[in-house]
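Whatever order the structure lists ligands and atoms in, that order sets their numbers, starting from 1.
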Amino acid sequence: MGVSSRLSAVLLWASVALTTTANNNPAIPGLYADPNIVVFNSTYYIYSTTDGFPGWGGKTFYVWSSQDLVDWQRTPEPVLTLNGSSGNVPWSDGNAWAPTIHHRDGIYYLYFSGDNPTYDRKTIGVATGPSPTGPFTAQPTAMILNNEALNASQAIDPAAFVDPATGKYYLFWGNGNPLYAELSDDMISLKSNTLSAVTGLTNFTEASFLVYRKPYYHYTFSHGDTGNADYYVGYATSSSVHGPWNYQGHVLDKRPSEGILATGSSSTVNVPGTDDWYMAYHHFKIPGGDGTDREICIDRATFDWHTGVMRPVTPTLQGVNAERVPSGRYHGWWA
Ligand SMILES: *[C@@H]1O[C@H](CO)[C@@H](O)[C@H](O)[C@H]1NC(C)=O
Ligand SMILES: *[C@@H]1O[C@H](CO)[C@@H](O)[C@H](O)[C@H]1NC(C)=O
Ligand SMILES: *[C@@H]1O[C@H](CO)[C@@H](O)[C@H](O)[C@H]1NC(C)=O
Ligand SMILES: *[C@@H]1O[C@H](CO)[C@@H](O)[C@H](O)[C@H]1NC(C)=O
């Protein structure tokens, strides 16, 4: 073997080794859950629940950021702490769950659920900041109290969505009963006359999330108890943000052969300027996790070329390879 063929053999081996031994799940280290993955400009962000507390008793939100989906950095300090007068969210004493974010006119609006002792239940609030990582200032009172004209079993799991057809800003939320409403122009209140229930989501429990890829609105949600190994992600499509929703079956399920259990609470992101999509979700920590010891993973999401329907996502231990947001982006046909 000559030097150059030996070199290319080594390079081939190295590239095979790199692509087959990637060990990128969990995508972020430690115990976190309910990931909301999003991209602003060329940076990916994950907003999540901090896990590892009995009764889902975490009190803090951190933000993770990455240039390539593989190497993630966490904010050194929590961006919000739900801890009564010891924290910086006046209305909440804990159960900091499942944040999501909108960006509008240079302001970032972080929506989240928390325990609200005034009402003795979970409510949804909002904090605003000048960047995706804050600093965030919480509104003094919660925004969705679950005593509105329509209510859910719990007002939790907000999901931000901008309808590309109209540019309108929405919030979806709810456990047991999926609800949504358009946000007012101030982004910190709802247009109450737009509050509606979502129908057609077979086995909906929680964790609504929407993306748009032509020709459909894609709605994912979780079914079951997050502490149950069978927790899964269901999926529906529609031609409008207002439905009707066509149930499409499961899009993410446990994979016991790999030790992957309780896959749920997903969110999906498009790499701008490409037709590449990634799903972030949590599962029981491997090994030995449970419903309050969960970790966040990322796997590729793909769509059937002919039908435009998302294919079932395979949860892996390998995770994804690095992908940066390309510069010189163009507006693809799918957007
Ligand atoms: C992207 O960056 C520009 C320039 O810094 C900023 O004005 C804009 O608000 C950013 N957009 C998003 C979505 O963060
Ligand atoms: C919450 O506040 C209590 C004091 O009221 C403090 O002991 C505890 O460390 C705080 N927890 C967090 C996560 O900040
Ligand atoms: C939630 O709605 C039901 C009726 O659908 C109502 O009986 C109940 O009082 C409502 N809960 C609150 C807190 O408003
Ligand atoms: C609905 O959930 C139950 C378990 O809670 C499960 O047995 C059933 O298969 C689910 N239905 C669908 C359509 O996935």
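Among the atoms of Asn147, none of the N or O lies under 3.5 angstrom from an N or O of ligand 3. Residue Tyr232 has at least one N or O atom closer than 3.5 Å to an N or O atom of ligand 4. At least one N or O atom of Ser86, backbone or side chain, sits closer than 3.5 Å to an N or O atom of ligand 2.
Contact atoms of ligand 3 toward Asn146: 12 (C), 13 (C), 14 (O) (distance under 4.0 Å to a heavy atom of the residue). Residue Tyr247 approaches ligand 4 through these ligand atoms, each under 4.0 Å from one of its heavy atoms: 13 (C), 14 (O). Residue-ligand proximity, Thr81 to ligand 2, at heavy-atom distances under 4.0 Å covers atoms 14 (O). Here is the list of ligand 4 atoms found below 4.0 Å of a heavy atom in Asn203: 1 (C), 2 (O), 3 (C), 8 (C), 10 (C), 11 (N), 12 (C), 14 (O).
Using cut-offs of 30° and 60° on the angle between ring planes, the pair Tyr231 and His282 is parallel. Between Tyr170 and Phe172, the ring planes are tilted. Angles from 30° to 60° get that label.
Scanning for ring-ring contact (aromatic ring centres under 6.0 Å, His included) contacts around Tyr216 gives an empty result, with sequence neighbours left out.
Protein heavy atoms are absent from the 4.0 Å sphere centred on atom 7 (O) of ligand 3.
Relative to atom 12 (C) of ligand 2, the option among Asn83, Thr60, Asn88 with the closest non-hydrogen atom is Asn83. The option from Asn177, Leu145, Asn151 that lies nearest to atom 11 (N) of ligand 3, judged by heavy atoms, is Asn151.
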**Report entry** Working for side-chain contact (heavy atoms from CB on, under 4.5 Å), residues Asn25 and Asp299
**Finding:** CA-CA 8 Å; Asn25 274 337; Asp299 278 298; 3.2 Å; yes
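A donor-acceptor pair under 3.5 Å links the side-chain atoms of Ser238 to the main chain of Pro244, judged by distance alone.
For Asp115 and Arg121, the salt-bridge test fails: no basic side-chain N is under 4.0 Å from an acidic carboxylate O.
For atom 4 (C) of ligand 4, the nearest protein heavy atom (residue, atom name, distance) is His223 NE2, 3.6 Å. In this structure, atom 14 (O) of ligand 4 lies nearest to the protein heavy atom His250 NE2, 2.7 Å.
Using a 3.5 Å distance cut-off with no hydrogens or angles, the side chains of Asn83 and Thr81 do not pair a donor with an acceptor. A side-chain N or O of Ser184 and one of Ser189 form a donor-acceptor pair less than 3.5 Å apart.
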